[in-house]
Amino acid sequence: MSDLFGNTGEVRPATVARVLLPVAIGMAYSYRVPPGVSVRPGSIVRVPLGPREVVGAVWSLEPEGGSAAGNLAPSRLKNILHVYDDAPPLDEDLRTLVDWVANWTLAAPGMVLRMVLRSEEALESEPPLAGVRLSSSGTRPERMTPARQRVLEVLQDGTGFTRSGLAHAAGVSSSVVEGLLAHGVLESVELPAVPPLPRPDPDWSPPQLTPAQARASKELVAAVGQGFRTFLIDGVTGSGKTEVYFEAVAEALRQGRQALVLIPEIALTSAFLQRFERRFAVLPAEWHSEIATRQRARVWRGVASGDVRVVVGARSALFLPFRELGLVVVDEEHDGAYKQDDRVPYNARDMAVVRGHISRFPVVLASATPSVESRVNADQGRYVRLELPERATGAPMPEISIIDMRQDGPERGQWLAPTLRHAIGETLSGGGQALLFLNRRGYAPLTLCRSCGHRFQCPNCSTWLVEHRFRGRLSCHHCGHEEPSPDHCPACGDTQSLVACGPGVERIAEEAADLFPQSRVLVLSSDLQGGPDRLRREMRIIEEGGADIVVGTQLVAKGHNFPLMRLVGVVDADLGLANGDPRAAERTFQLLAQVTGRAGRIGGGGRGLLQTYAPEHPVIRALASGDSTAFYEAEIAARKAAGLPPFGRLAALIVSAPDRARAQDYARQVARLSPASPGLTVLGPAEAALALVRGRYRFRLLAMAPRNVDLQALMRSWIARLPKPTGGVRLQVDIDPQSFF
DNA sequence: AGCACGCCGACT
DNA sequence: GTCGGCGTGCTC
């Protein structure tokens with residue numbers, strides 16, 4: 001027996017269904033299936049839960065009379081209230097994915113289901129719109145007027161319009177339409193709420209590929225429809241990775257399959273959608289947190305029904321109920337935005353591979369600076385590596401050189417070395433743009449009183465307050481605390497004694513403006529007022545040459561192409577190398593490779609200058625030489641020796657409590673228990689392992705296990721043996737925690 | 001996750 | 001005398 005959606009399943013009337021609910025409960029709950037109602041595994045239902053009603057999904061059916069241990073007596077079961085028949089049941093693959101992700105992340109399966117059921121509005125079809133068309137009786141108006149004439153012309157081919165749409169299209173007022181309707185010239189008609197979606201055309205505008213691109217795309221195209229396989233496109237910035245995987249998307253479309261392209265922080269990258277449109281004639285469906293409710297429901301429904309063929313989305317798009325998904329692409333696969341930190345901690349890049357494995361389709365990871373783990377997977381033959389060693393435009397890669405700040409540093413109170421200043425001057429006089437990159441918002445990271453040594457500190461965190469001179473405020477980048485910039489020291493009362501220490505982008509912009517007074521300087525950072533629209537405008541200004549010097553944080557490393565950008569000066573290449581994060585070097589390398597890759601991307605002739613106090617550091621050497629092999633090999637060896645991912649696995653137990661001392665105390669107790677767990681290494685209770693992260697009173701206790709140990713099972717048994725947290729202490733487990741991996 | 005219940009401090 | 005803070009427990 002097969003239904004509308006192609007699912008074959010028993011339609012034997014079950015009396016009890018196990019329903020997974022979108023709440024943090026470890027198991028599915030049993031509900032009675034009322035007589036005359038039919039459900040199957042995957043059916044989306046509304047059920048009572050305590051005082052409220054929730055939407056869940058049938059996870060399994062229980063045969064009559066059968067009951068698993070711990071279930072309530074059938075007489076006490078509540079009824080399923082409603083079955084959403086407009087939405088197709090979640091298919092078996094998707095249910096397998098939900099269970100898999102829940103097990104992997106140690107999250108409640110219901111919380112993973114919640115990510116699937118992200119649009120309650122999608123579960124019921126939109127009611128049709130009231131519209132009008134020419135009356136089928138052929139009635140003509142008794143008195144013809146020019147306005148009426150125009151309305152009739154617009155309706156000539158028999159299409160239906162909404163009343164306001166018709167008035168607008170004909171250029172008349174709505175009373176003209178009302179009149180014609182009253183006279184029987186027009187008749188009411190139901191219009192579909194969602195106009196039929198044009199489908200992307202795989203053969204609309206195939207690009208001219210370079211030989212390297214053609215080789216890579218050929219391999220991808222051949223793999224589409226041939227089962228599960230993971231590819232890693234490893235191509236330098238500007239090598240045209242997008243064109244390559246677009247060919248795989250095209251092939252999936254030709255084969256009647258859907259495709260999903262994940263990109264980090266999609267809300268900011270309308271340029272990407274336009275590229276898609278140029279290749280496939282229509283815009284793809286978009287999915288991310290900023291999409292409006294109605295549109296979100298349409299995409300969800302379209303994905304489930306098969307009307308939507310391609311989705312471009314943020315990490316959460318991975319949990320959409322695709323009907324016939326045949327390809328997932330993860331662009332910029334190394335990007336941290338693929339990791340979710342709260343609720344269900346998962347990495348969408350890895351779960352994409354899992355989804356491909358479950359549903360037997362290829363997965364494509366792409367990056368100019370692959371993550372260490374993807375690189376290892378490619379080295380070991382688990383992923384197929386496709387290399388694009390040259391820029392698609394033929395432009396040479398930028399020439400990167402080092403400025404040794406110990407010898408060639410600027411004077412005190414300045415931050416741009418003479419060599420960099422000189423390069424900026426040359427670039428500007430040559431008509432190019434210069435980008436000064438510093439990954440630090442604000443004017444100065446620390447304000448100090450010269451008289452008494454007072455430092456402005458956050459009242460909540462133990463961090464310095466960052467001065468934002470444009471806004472006239474001191475701000476904590478940790479918790480968001482803000483206060484007005486002071487004019488005197490609160491400790492000693494001195495008025496002329498406050499000094500800003502160290503640079504932020506605002507301060508670099510000030511210095512650049514002083515050095516090049518005739519140039520237009522633009523600052524780009526996430527505290528730009530005006531939201532994404534403003535950001536897009538500023539990006540446009542840069543693209544069109546409306547700025548000479550851009551000073552930016554990591555915001556400028558991503559997405560946008562700046563055709564006039566010739567020089568990238570990294571103000572502090574060592575920033576980010578010093579913190580305790582074992583991924584610090586990798587992340588710094590990725591960020592600086594991306595940002596220097598902005599130089600000369602179109603016309604060539606790009607230069608990159610790295611200001612550093614550590615010219616011998618492997619990251620700096622890799623960037624300057626353009627050869628990252630040695631750097632990656634060193635990273636891989638270090639990870640291997642430490643048993644860190646990808647050779648081992650990592651978990652964090654997060655302890656939060658109403659005060660720091662109690663969190664710390666409990667973390668110590670936990671750490672003391674660890675030797676009892678074979679195969680698990682706990683870092684701690686040394687202060688170093690009790691890393692304080694985000695917000696007050698939270699500690700992370702890191703645990704590491706070899707790759708072959710079942711970390712999930714180990715953590716579960718470990719947690720079961722922990723002393724019961726009391727006094728407001730709370731625990732949360734996080735596998736592959738964001739702040740470290 | 002959400003929601004109710006319950007127990008303590010500061011106000012109309 | 002109540003309002004409301006969060007700590008605790010429960011939901012088929």
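Order of the sequence lines fixes the chain letters, A, B, ..., with proteins taken first and strands second; residue numbering starts at 1 for each chain.
The distance between atom CG of A/Leu20 and atom C1' of C/dT11, rounded to the nearest whole Å, is 14 Å. Remark: P of B/dA1 and CD of A/Glu120 are 18 Å apart, rounded to the nearest angstrom. Distance CD1 (A/Ile80) to P (C/dT11): 19 Å, rounded to an integer number of Å. Separating the CG atom of A/Leu81 from the C1' atom of C/dT11 is a distance of 14 Å, rounded to the nearest angstrom. Taking atom CG on A/Leu21 and atom P on C/dT11, their separation rounds to 13 Å, with Å as the unit. One atom, CD of A/Glu53, and another, C1' of B/dG2, lie 14 Å apart when rounded to the nearest Å. At whole-Å resolution of the value, CE in A/Met111 and P in C/dT11 are 19 Å apart. Counting to the nearest Å, the P atom of C/dC12 and the CD1 atom of A/Ile25 are 8 Å from each other.
Side-chain contact, A/Ser30 with A/Arg18: a donor N or O sits under 3.5 Å from an acceptor N or O. Side-chain atoms of A/Thr293 and A/Glu121 include no donor-acceptor pair closer than 3.5 Å. Residues A/Ser371 and A/Glu586 have side chains that never bring a donor and an acceptor to within less than 3.5 angstrom of each other.
More than 12 heavy atoms of other residues, nucleotides or ligands sit less than 6.0 Å from atom CZ of A/Arg46.
Residue A/Pro51 has its side chain nearest to B/dA4 when only B/dA4, B/dG2, C/dC12 are considered.
Under 4.0 angstrom from either OP1 or OP2 of C/dC12 there lies no side-chain N or O belonging to A/Arg52.
Base engagement by A/Met27 is indicated by at least one non-hydrogen atom pair under 4.0 Å involving a base atom. In this structure, A/Pro22 reaches neither bases nor backbone, as no heavy-atom distance under 4.0 Å exists between it and the strands shown.
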